[in-house]
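We name chains A, B, ... by the order of the sequence lines, and we start the count at 1 in each one. Since this is a predicted model, take the numbers as computed values, not measurements.
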There are 2 protein chains.
Amino acid sequence: MDSNVKEILNSKGIKATKQRIYLYELLRKQDRPLTAEDIYLLAKNEIDCFNLSTVYRILDIFVKNNIIIKSKLDIDEKFYFEIAREKHRHYLLCIYCNQIIPLSDCPIEKYEKKIAKETGYSIVDHNLEIKGICPNCKKRHQIH
Amino acid sequence: MDSNVKEILNSKGIKATKQRIYLYELLRKQDRPLTAEDIYLLAKNEIDCFNLSTVYRILDIFVKNNIIIKSKLDIDEKFYFEIAREKHRHYLLCIYCNQIIPLSDCPIEKYEKKIAKETGYSIVDHNLEIKGICPNCKKRHQIH
DNA sequence: AATGCAGATGCGAATCATTCGCATCTGCAT
DNA sequence: ATGCAGATGCGAATGATTCGCATCTGCATT
């Protein structure tokens, strides 16, 4: 597994340091986007010589090499990072507890074609978040 | 017009100061979201005793009173503000020149119902941006 | 119209996420 | 085993936003 990651990184011309290998594996395990600080804290639990600036720098390199995706979520002012998957994903966010769950599909590929025709733009990407209240928070806050 | 704004603000329990009236009218004229700094610079052109902290504070109050909407766009790390309209809007962003144009409709109201059923969440809001390359930038960068 | 005061503004300092500078360290090619 | 380009650690800088506090201003009351 470890040597596998080393090869993946080397094949992209990225020197396979201990920190990079560790972050790559950590990110691959996650089921939702994390902030740089989340990632830093998780990493520091395992390897204590880990620096926040380094985390930012490695995330930057991974983004530039399309290994991970950087995005913002409407819940706060931070950037979020997640492994790049074959199919892109959107998330459902609970406005009370900030739980983040992945949605099963993307409803706007067709819409993009329509927009391209209407505006003359070439569409390259999109960004969709749905915000709601999760079943637990509905109970907790007596919302039906 | 001015007295009209005064009434609108007073009816929401917001003291109608010169700065608040001015910002309200400024925001109502815009066709796209602006950052606090954009707004500050526009306002300062007209009235020179205008302070950036005050702009932030007034925007905050307007957001809390549903007069304006605060959001983030994927082009930078700043917050954007726009007048709240009867129908919400989404935008198409050019990744080269950062032009922001409003889209004519919203394709995901049906999708929200499906998600609500699948997840048990109550959906309260959503956020959609489309990113592309505008006709001018396609020409300029020789992209077809 | 003058007055008082709660709340608004101006200004500078603080905060927080992110980035940068620079000295030291480490993969990896030789 | 060695050398060096590039990576890391640490602390300081940056930029958007917020806060503290002294001064000012709508507006309700007289």
Side-chain angles (χ1 to χ4, degrees), chain A residues 2-3 5-24 26 33-44 46-65 67-68 70-81 98, chain B residues 2-24 26 33-41 43-44 46-65 67-68 70-81 98:
Chain A
D2 181 292
S3 67
V5 172
K6 218 172 208 169
E7 280 164 32
I8 293 171
L9 295 180
N10 281 331
S11 77
K12 303 216 177 212
I14 300 172
K15 199 190 267 187
T17 64
K18 184 178 49 160
Q19 290 90 337
R20 290 171 179 184
I21 292 167
Y22 189 79
L23 284 199
Y24 184 93
L26 191 161
L34 298 176
T35 65
E37 179 137 42
D38 293 340
I39 293 165
Y40 167 67
L41 293 173
L42 283 171
K44 212 172 175 184
E46 298 288 319
I47 302 179
D48 56 24
C49 61
F50 229 111
N51 186 280
L52 184 55
S53 305
T54 304
V55 171
Y56 275 107
R57 273 185 294 232
I58 293 176
L59 291 173
D60 218 46
I61 289 173
F62 284 3
V63 168
K64 287 202 175 72
N65 284 278
I67 293 171
I68 64 175
K70 178 179 185 173
S71 57
K72 263 174 287 176
L73 299 179
D74 234 28
I75 47 182
D76 60 26
E77 72 296 342
K78 298 170 200 161
F79 284 107
Y80 281 77
F81 301 87
N98 287 350
Chain B
D2 182 292
S3 67
N4 184 11
V5 173
K6 219 173 208 168
E7 279 163 32
I8 293 171
L9 295 179
N10 280 331
S11 77
K12 303 214 178 213
I14 300 173
K15 200 190 268 187
T17 65
K18 186 178 47 158
Q19 291 89 337
R20 288 170 180 185
I21 293 168
Y22 189 79
L23 284 198
Y24 185 92
L26 192 160
L34 298 175
T35 65
E37 179 136 43
D38 293 340
I39 293 165
Y40 167 68
L41 293 173
K44 213 173 174 183
E46 300 287 317
I47 301 179
D48 56 24
C49 61
F50 229 111
N51 185 280
L52 184 55
S53 305
T54 305
V55 170
Y56 275 107
R57 273 184 293 229
I58 293 177
L59 291 173
D60 218 46
I61 289 174
F62 284 2
V63 169
K64 286 202 175 72
N65 284 277
I67 293 171
I68 62 175
K70 178 179 187 175
S71 56
K72 262 173 288 174
L73 299 179
D74 234 28
I75 48 182
D76 60 27
E77 72 296 343
K78 299 169 198 161
F79 284 108
Y80 281 77
F81 301 88
N98 286 351

Once you round to the nearest 0.5 Å, how far does CD of Gln19(A) lie from CZ of Arg57(A)?
-> 10.5 Å
Which residues pass the side chain to side chain donor-acceptor pair (under 3.5 Å) test with Tyr56(A), sequence neighbours left out?
-> none
Contact summary for Tyr40(A) and Leu52(A), nearest pair of heavy atoms | CE1-N, 3.5 Å
Side chain to side chain contact (heavy atoms under 4.5 Å, CB included) against Leu9(B), all qualifying residues, sequence neighbours excluded = Val5(B), Ile14(B), Ala16(B), Arg20(B), Ile21(B), Tyr24(B), Phe62(B), Ile67(B)
Taking only N/O atoms, report every protein-nucleotides 4-7 of chain D pair under 3.5 Å with atom names and distance.
{"from": "dA7(D)", "atom 1": "OP1", "to": "Arg20(A)", "atom 2": "NH1", "distance (Å)": "3.2"}
{"from": "dA7(D)", "atom 1": "OP1", "to": "Arg20(A)", "atom 2": "NH2", "distance (Å)": "3.2"}
{"from": "dA7(D)", "atom 1": "O5'", "to": "Arg20(A)", "atom 2": "NH2", "distance (Å)": "3.4"}

For Asp74(B), the side chain to side chain donor-acceptor pair (under 3.5 Å) test, sequence neighbours excluded, returns Lys131(B)
Any side-chain N or O of Asn51(B) under 4.0 Å from OP1/OP2 of dT9(C)?
-> no
Worked check of side-chain contact (heavy atoms from CB on, under 4.5 Å) between Leu73(B) and Asn98(B) = CA-CA 10 Å; Leu73(B) 299 179; Asn98(B) 286 351; over 6 Å; no
So which protein nitrogen or oxygen atoms get under 3.5 Å of nucleotides 28-30 of chain D's nitrogens or oxygens?
none

Rounded to whole Å, OH of Tyr40(B) lies from P of dT17(D) at a distance of 14 Å
Which whole-number value in Å describes the distance from Tyr22(A) OH to dT8(D) P?
-> 15 Å
Relative to Phe79(B), does Lys70(B) satisfy both conditions: NZ or CZ under 6.0 angstrom from the six-membered ring centre, and within 45 degrees of the ring's axis?
-> yes
Can you tell me the distance, in whole Å, between the CD atom of Glu77(B) and the P atom of dC16(C)?
-> 18 Å
Atom CD of Glu37(A) and atom C1' of dC16(C): how far apart are they, to the nearest Å?
-> 10 Å
Secondary structure of DNA chain C per the Watson-Crick/G-U criterion (both distances under 3.5 Å; [ ] crossing, | other strand, . unpaired) is ||||||||||||||||||||||||||||||
Between Thr35(B) and Ala16(B), which has a closest nucleotide on DNA chain D that is more 5'?
-> Thr35(B)
Whole-Å distance, Lys18(B) NZ to dT9(C) P, equals 10 Å
Excluding sequence neighbours, so at least two apart, what forms side chain to side chain contact (heavy atoms under 4.5 Å, CB included) with Lys64(B)?
-> Asp60(B)
Using a cut-off of less than 4.0 Å, is there contact between a side-chain N or O of Tyr56(A) and OP1 or OP2 of dT19(C)?
-> no
N/O to N/O distances under 3.5 Å, protein versus nucleotides 23-25 of chain C:
none

Hey, what do you get for OG1 (Thr54(B)) to CG (Leu23(B)), rounding to the nearest 0.5 Å?
-> 9.0 Å
Taken to the nearest whole Å, CG/Leu9(A) to P/dG27(C) is 13 Å
In whole angstrom, what separates Ile21(A)'s CD1 from dG27(C)'s P?
-> 9 Å
Results of side chain to side chain contact (heavy atoms under 4.5 Å, CB included) for Tyr22(A) - residues two or more places apart only | Leu26(A), Ala43(A), Glu46(A), Ile47(A), Phe50(A)
Roughly how far, to the nearest 0.5 Å, is the CZ atom of Phe81(A) from the CG atom of Leu59(A)?
-> 4.5 Å
Sorted by chain and number, sequence neighbours left out, side chain to side chain donor-acceptor pair (under 3.5 Å) with Ser53(B) holds for Asn51(B)
Excluding sequence neighbours, so at least two apart, what forms side chain to side chain contact (heavy atoms under 4.5 Å, CB included) with Leu41(A)?
-> Glu37(A)
Rounded to whole Å, NZ of Lys78(B) lies from P of dA17(C) at a distance of 19 Å
Residues at least two apart in sequence or cross-chain that pass side chain to side chain donor-acceptor pair (under 3.5 Å) with Thr35(A), listed by chain then number, are Asp38(A)
